[in-house]
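Beneath this line is the structure, given in structure tokens, with notes to follow.
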Amino acid sequence: MRYVEEFRDPKAARALIARIAEVADAIGATKDEPVRIMEICGGHTHAIFRYGLDKLVHEGIEFIHGPGCPVCVLPMARVDECVEIAERPGVIFTTFGDAMRVPGTKGSLMQAKARGADVRMVYSPLDALELARRNPDREVVFFGLGFETTTPSTALTLLQAAREQIPNFSIFCNHITVPPPLKALLDDPWMMLDGFVGPGHVSMVIGVHAYDFIAADYGKPIVVAGFEPLDLLQSVLMVLEQIRYGRAEVENQYARVVPEHGNPISLKAIDEVYEPRPSFEWRGLGEIDASGLRIRPAFAAWDAEEKFGIGYAAGPRHVAEPEGCACGQVMTGRIKPTACPRFGAGCSPETPLGALMVSSEGACAAYWQYGGARVAAE
Amino acid sequence: MRYVEEFRDPKAARALIARIAEVADAIGATKDEPVRIMEICGGHTHAIFRYGLDKLVHEGIEFIHGPGCPVCVLPMARVDECVEIAERPGVIFTTFGDAMRVPGTKGSLMQAKARGADVRMVYSPLDALELARRNPDREVVFFGLGFETTTPSTALTLLQAAREQIPNFSIFCNHITVPPPLKALLDDPWMMLDGFVGPGHVSMVIGVHAYDFIAADYGKPIVVAGFEPLDLLQSVLMVLEQIRYGRAEVENQYARVVPEHGNPISLKAIDEVYEPRPSFEWRGLGEIDASGLRIRPAFAAWDAEEKFGIGYAAGPRHVAEPEGCACGQVMTGRIKPTACPRFGAGCSPETPLGALMVSSEGACAAYWQYGGARVAAE
Amino acid sequence: MCLGIPGRIVAITDEARQMAMADVSGVRREVSVACVVDGPLDALVGEWVLIHVGFAMSRINEDEAARTLDALRELGEAQEALDAMAEGAKSLEGMS
Amino acid sequence: MCLGIPGRIVAITDEARQMAMADVSGVRREVSVACVVDGPLDALVGEWVLIHVGFAMSRINEDEAARTLDALRELGEAQEALDAMAEGAKSLEGMS
Amino acid sequence: MKDGLRPARTLRDERVTLAHGGGGRAMRDLVESVFTAAFEPPGMEDQARLTSAALAEPGARLAFTTDSFVVTPVEFPGGDIGKLAVCGTVNDLAVGGARPLWLSAAFIIEEGCEVALLRRIAATMRAEADRAGVRIVTGDTKVVQRGAADRVYVTTSGVGVIPPGREMAAGNVRPGDVALVNGVLGDHGAAILAARGDLALSTDLQSDCASLDRLIEATLAAAPGLRCARDATRGGIASALNEIAEASALSIELDETALPLRPEVKGMCEILGLDPLYLANEGTLVAFVPEDQADAALAAMRALPEGAGAVAIGRAQAGEPGRVTMRTAFGGRRIVDMLVGEQLPRIC
Amino acid sequence: MKDGLRPARTLRDERVTLAHGGGGRAMRDLVESVFTAAFEPPGMEDQARLTSAALAEPGARLAFTTDSFVVTPVEFPGGDIGKLAVCGTVNDLAVGGARPLWLSAAFIIEEGCEVALLRRIAATMRAEADRAGVRIVTGDTKVVQRGAADRVYVTTSGVGVIPPGREMAAGNVRPGDVALVNGVLGDHGAAILAARGDLALSTDLQSDCASLDRLIEATLAAAPGLRCARDATRGGIASALNEIAEASALSIELDETALPLRPEVKGMCEILGLDPLYLANEGTLVAFVPEDQADAALAAMRALPEGAGAVAIGRAQAGEPGRVTMRTAFGGRRIVDMLVGEQLPRIC
Ligand code: SF4
Ligand code: SF4
Ligand SMILES: [Mg+2]
Ligand SMILES: [Mg+2]
Ligand SMILES: [Mg+2]
Ligand SMILES: [Mg+2]
Ligand SMILES: [Mg+2]
Ligand SMILES: [Mg+2]
Ligand SMILES: [Mg+2]
Ligand SMILES: [Mg+2]
Ligand SMILES: [Mg+2]
Ligand SMILES: [Mg+2]
């Protein structure tokens, strides 16, 4: 697999690991006083565990798993609204598979499906649009979920629906943006991060300068990274080098995919279709200003919130998170999943309490599945 | 079972059979020159075979099986129209079970169901109306089929739908009336009938005087009969007695159920909802004037012909009957089923060519199932 | 044609829609009594009716039923006497 | 977040809708190329793109990829040399 | 968990989702908590491993049968699909003279099916298996999309042993043999028709669903000449008799007055225009015995609750091979043919 | 007909209707014309009656297994539901060391199903049964309403004989034993995902669906110490290994670089975010052999087409009972847990 397998080369990995260790030692990182690097993106969390990178790198490097999983930060109230829409007669509710198992107070979409709702997994919003074309007597709703990487795809799909004037298609928009929660994290006085590995696929759309404030305003290094293990290791090394030499810059490890200024066509589509919401609720993080997108009034005909009078269109609604769930603290890097009192004691992938245990991107699920907590240290 | 089992008493049956034999001998009926009595009604045909009456009575009595089976006389074109309606998206097509297997050029309703049409068997038109109430987003069509016995039930159901203003219910009206085809039969110069056993359940609605013309104009005896074996035997005896004494009257053997003037409420409902069609096609008999009913324009909203622009509303349509099928000749008593060249040779209940082999009331099916042709004479 | 079966009205279930519960040998079904009402609905309870496709189409006339049955019964008894005579004749034959 | 995978455009399937067939290790899927067009669609055939939820989101920059890989390869070779030295040191140890 | 051990198997879900069919832990939870908990199979390999002294006896034969059960509704007066699935397969073994030993049970479950329903079904299966002295030793579960099944389907297969020298077969019937049934006809079919609800008929009828292995052993003990038996399931007694007539190349004549029928079954048949001879039974068999053993066979049947209503209903005759007829109450005679398709309720 | 004999069994219908499930003549037409015509079972009683010298051998055990097959689409590259149903049950017998002898086959058919499809399925079943040397000896068909099944479901049960002294079981695995697979992983699951069409992915992948009885006999001959084998069906190789680890109270370590995967399977997994270790296989097993017999076992497998791609993928170890881990390409180690529910395609 071109552009994939080259970046999984064990020889180069060993070299990077050795260099990381060198630099870690040079800057005095130790197990007890580690350098704390947040990989913002759940995809990076997943890769770290899949390849066991956390165990391979110097013990003075601690990965903090950030909030960059759109499924994990989805608040219960939004899941409930998905279920409500899906259970309306005549609706075909389409979603990425990730969202099927996230629990709300009325259960998950998978459970709604079992109760009779017509919930279908799709690979692409374009497939949902095609379903709408083929089922003119049904209302097809697409659960628009994701960060800037995914937003252009739903925007372009909506524009296509508008061009074809497909009346029975709408998007339940839950798109969110990466920079605002990072700002919130950095503003938290309790926070102690030394650097960031940035989500490469977000920057593929928005470019690298969206993170300038991290370096400029907060003095933290950030390296925009690809998703293969060598990408991650190289990015960690680049963060460490910045720390070693007292730099705080935005660097681009993933230049093969990420243009400095992002993708203008994608950005234009986002801007045409969406506008910022005043605020949006993040699971575990609460309401964050201007962190969510909504469909512009011009496209209200394809906005499921307007069509069904649900969600923010019906006034904000808050649902309490399950008792004892420490998702918020895990997501902000305050504790490791294993430190949550419910981890493995009531909360497991079979019976997830929080979204972090549901999504395969979630830190808790990753700890569970790949044994971050359970494989005996080598 | 009160009012049923008393009329199945073997002792009385033997007495009736003996009396029938006496009278038959007295009037000189023989196997070669039999008295030919038409039981008009398919229900009577069924009972004759179910109880083996044809074999038990004097060999000088020949039963001629009349056209009184609404399923048997249903022309292929109407079956095709049923299938067309049933195959429209959103339609729930409801029918009595009898009509499920009748073949049209597009197969039967059962085959349409197998291809995907939503065809449901109901016991009563009221059950179809209830389906319409419960499925407001579907069009529920009831296949109104039957003689005067059944017509009041669909009329009252339609009136109920109109009272409740149920918009998604309609009746595909195929109701027909008994007297016109009898007149047609009697006008046929080829016809050689000596008397009739009349359909009791029709007279329960229309009374006995509807048959006055048979006695008055054609000089043939007719006895309105019940459906239990003693009813039938007694009625045959009554016909024979009329013949013996040269009478031609309308007699009522079934007075426990049949009032002389029928049922005024039923007659009123029929008259309110239906009007005669100029003519209607009968399978095997062709078009017969004023032999069918249609829904009055005032109730067009519940008339499936109007709603779907099908059937007589779309102009009459004729479909040729299958080649070699002698249904018409069997139904007019010209030949016995076993004389049909296709009987058992291409036409059997498994692969029926004509409706007479499909309906369990049909003479061919009765011959087949109960062995009229196949049990060795005792 | 037109399967009909005697049943007994055991209860009125819906005055407005003229619906009643009928019993046929222990099988119960709600039927319309619209065609057989001629006074207060309650008066139908206990009555025998002829049922077709979910409608009570006719009330059964008990007197007429009895009349027909009596005639048949007489015939049956006469036949029995005849049968007995025939049997007697046969056994006499057997003796000869 | 945001699973993305490199694939190669092998054909244009719908000019009007800007759809193309992409190939990922022998798996083919129709994707939108709306985000990566900058000229005639046909020019995309043969190009490598990064695919996410049915959209080609970015063209892969072969030069940048090569640059990154070269750096990694150098590192790897340096490591190999180091490994060999370590191995040598170890076998020397073994001899002692 | 924190110690790395697997959690104890629990199933908290109220309804089955597609996750329970995925081959993972959710499926194991379902299987262990619902099915193996009830059946207690001997081991968890992909196949049961079994030994039986009876099977090893010289001349003994192995009997093997299968049936899928798809009844609607899944629970009905007198039983549920699980009871049917055990009785049906036990009976298909027993009517061949086999002693039932082991059953398999495979479940196709519709997404959304209530777990509590599955537990009830598993419990009745275990209870009925215990009653019949068989073990459910292996099984399977699959979950299909909503709308791709009707709550749950059960397929059972059965293995039994036919003791040496025992040879019951439809082809063994001889002219003069008497046809016996162990009880009333048509209860199951009529009860299901009513329970389905779409004809809005209600009755107090119960399915006759029962295991008949004990009845057959008792009948064999009393009437060792027992030629054959058939459980009169789909297609009713008429179909069973037609098959026997065909296999034996004889004719069978029934006596209408002898047929045991409940008033409710007659009533339902009159209302809907059905013939009770074609209604399904699930605990009723027809057996043929030599005339001189008929009384002994009937007495043995009647000594058991499942044979309390046993009567002779007709006999086999030479000639007219394959034909079943019925002598009607007043001396008529009519063919009792096989059903063509299924019986449809009719108005006329 | 005019002479009163039954018509020859013919089936002219193109599609199955409810009439074909009614227990009457239409059903017989379907069964005889489609299924018994293909399977040629020994007799038409309600149960097959069977004898086998192998079963009578002292110490021999009977193996019994069942599975329902509900795959969508019913026909797919590399096979159809019938081939799956035969291979799956043959394999569930074979992996326990049994020689498969007899199968039952029960069909649940959706109203409207094409008769031609059923004929094709019956033909592949017969062909695959012949290949595996088993006979389909008994069966059943049921027809359900449209929308109450997905064209056709097949449940097969299998009976086989485990020769005296042969004892393969997951609990027999010992530390140091080597885990072998007979070929590439995940082809079936990936081929079905693509064939289903709703993700609009197309590949040239074929299901690996195959009978493995011959392969197991050959492996046993070459490596008599063969501890156990499991076909890695639903839940993939990961689930099979977890079950073995648990049953043997050992841990198993896989070597990521040794896992045989086709590029297309890797591609599909990358696109959808799936893990090939959890993809279903239908002709792939994992077997454990003592280390000193591993090469002989591999050689024996590789001599057969269904084992041409055989490789060692890991080994059993003492400690951490029940755990399966994988050594990643550059030395990391991660747990390979059982799947929880089913793998869902993901975007992130
Ligand atoms: S273990 Fe469960 S409850 Fe605790 S933080 Fe993780 S997901 Fe939330
Ligand atoms: S045998 Fe068939 S073709 Fe001939 S008259 Fe009867 S139904 Fe018609
Ligand atoms: Mg069977
Ligand atoms: Mg059976
Ligand atoms: Mg049976
Ligand atoms: Mg299984
Ligand atoms: Mg259903
Ligand atoms: Mg199994
Ligand atoms: Mg299996
Ligand atoms: Mg298996
Ligand atoms: Mg069967
Ligand atoms: Mg379907």
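These numbers were taken from a predicted model, which means no experiment stands behind them. Chain A is the first sequence line, chain B the second, and so forth, proteins listed ahead of strands; every chain is numbered from 1.
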| message | Less than 4.5 Å to any heavy atom of chain E: does that hold for the side chain of F:A105, its backbone, both, or neither? | response | backbone
| task | Under 4.5 Å heavy-atom distance to chain F, tell me which part of E:L103 shows up: side chain, backbone, both or neither. | result | backbone
| Is there a side-chain contact between E:M27 and F:L339, using heavy atoms and a 4.5 Å cut-off? | no
| request: Any chance you could measure E:I108, atom CD1, to F:I108, atom CD1, to the nearest 0.5 Å? | output: 4.5 Å
| query | Of the backbone (N, CA, C, O) and the side chain (C-beta and beyond), which part of F:S157 lies under 4.5 Å from a heavy atom of chain E, both, or neither? | reply | both
| Who wins among F:Y278, F:W102, F:F69, F:F107 for the most heavy-atom pairs under 4.5 Å with chain E? | F:W102
| field | Nearest heavy-atom neighbours spanning F:R49 and E:M168 | value | NH1-O, 2.6 Å
| Between F:A106 and E:T155, what is the shortest heavy-atom contact and its length? | CB-CG2, 3.8 Å
| field | E:Q47 to F:A63 - nearest heavy-atom pair and separation | value | CG-CB, 3.9 Å
| remark: What one should report as the nearest heavy-atom pair of F:F64 and E:F64 is CE1-CE1, 4.1 Å
| task | Look only at the side chain of E:T65 and the backbone of F:D46, and say whether a donor-acceptor pair between them is shorter than 3.5 Å. | result | yes
| request: Let me know if E:A247 has heavy atoms under 4.5 Å from chain F in its side chain, its backbone, both or neither. | output: neither
| Where F:D140 and E:S68 come nearest, the two heavy atoms and their spacing | OD2-N, 2.8 Å
| remark: Of F:G96, F:A238, F:G235, the largest count of non-hydrogen pairs under 4.5 angstrom with chain E goes to F:G96
| field | Pair E:T138-F:D92, side-chain contact (heavy atoms from CB on, under 4.5 Å): steps then yes or no | value | CA-CA 11 Å; E:T138 187; F:D92 275 344; over 6 Å; no
| Contact winner vs chain E - F:A169, F:S239, F:G171, heavy-atom pairs under 4.5 Å | F:A169
| remark: Comparing E:G160, E:A56, E:A26, E:S104 against chain F, the one with the most heavy-atom pairs below 4.5 Å turns out to be E:S104
| query | Does the F:R234 side chain pair with the main chain of E:G21, one donor and one acceptor, at a distance under 3.5 Å? | reply | yes
| Region of E:V137 that comes under 4.5 Å of a non-hydrogen atom in chain F | side chain
| field | Polar side-chain atom of F:K142 near backbone of E:V70 as donor-acceptor pair, under 3.5 Å | value | no
| Would you say the side chain of F:T66 lies within less than 4.5 Å of the side chain of E:T66, judging by non-hydrogen atoms? | no
| Any sub-3.5 Å donor-acceptor pair from F:D150's side-chain atoms to E:A148's backbone N or O? | no
| Contacting region of E:L50 [heavy-atom separation from chain F under 4.5 Å] | both
| query | Which answer fits F:A60, side chain, backbone, both or neither, if we ask what part of it has an atom under 4.5 Å from a heavy atom of chain E? | reply | backbone
| field | Greatest number of heavy atom pairs closer than 4.5 Å to chain E - which of F:L344, F:T51, F:V340 | value | F:V340
| said: Using heavy-atom distances under 4.5 Å, tell me whether E:L18 contacts chain F through its side chain, its backbone, both, or neither. | reply: both
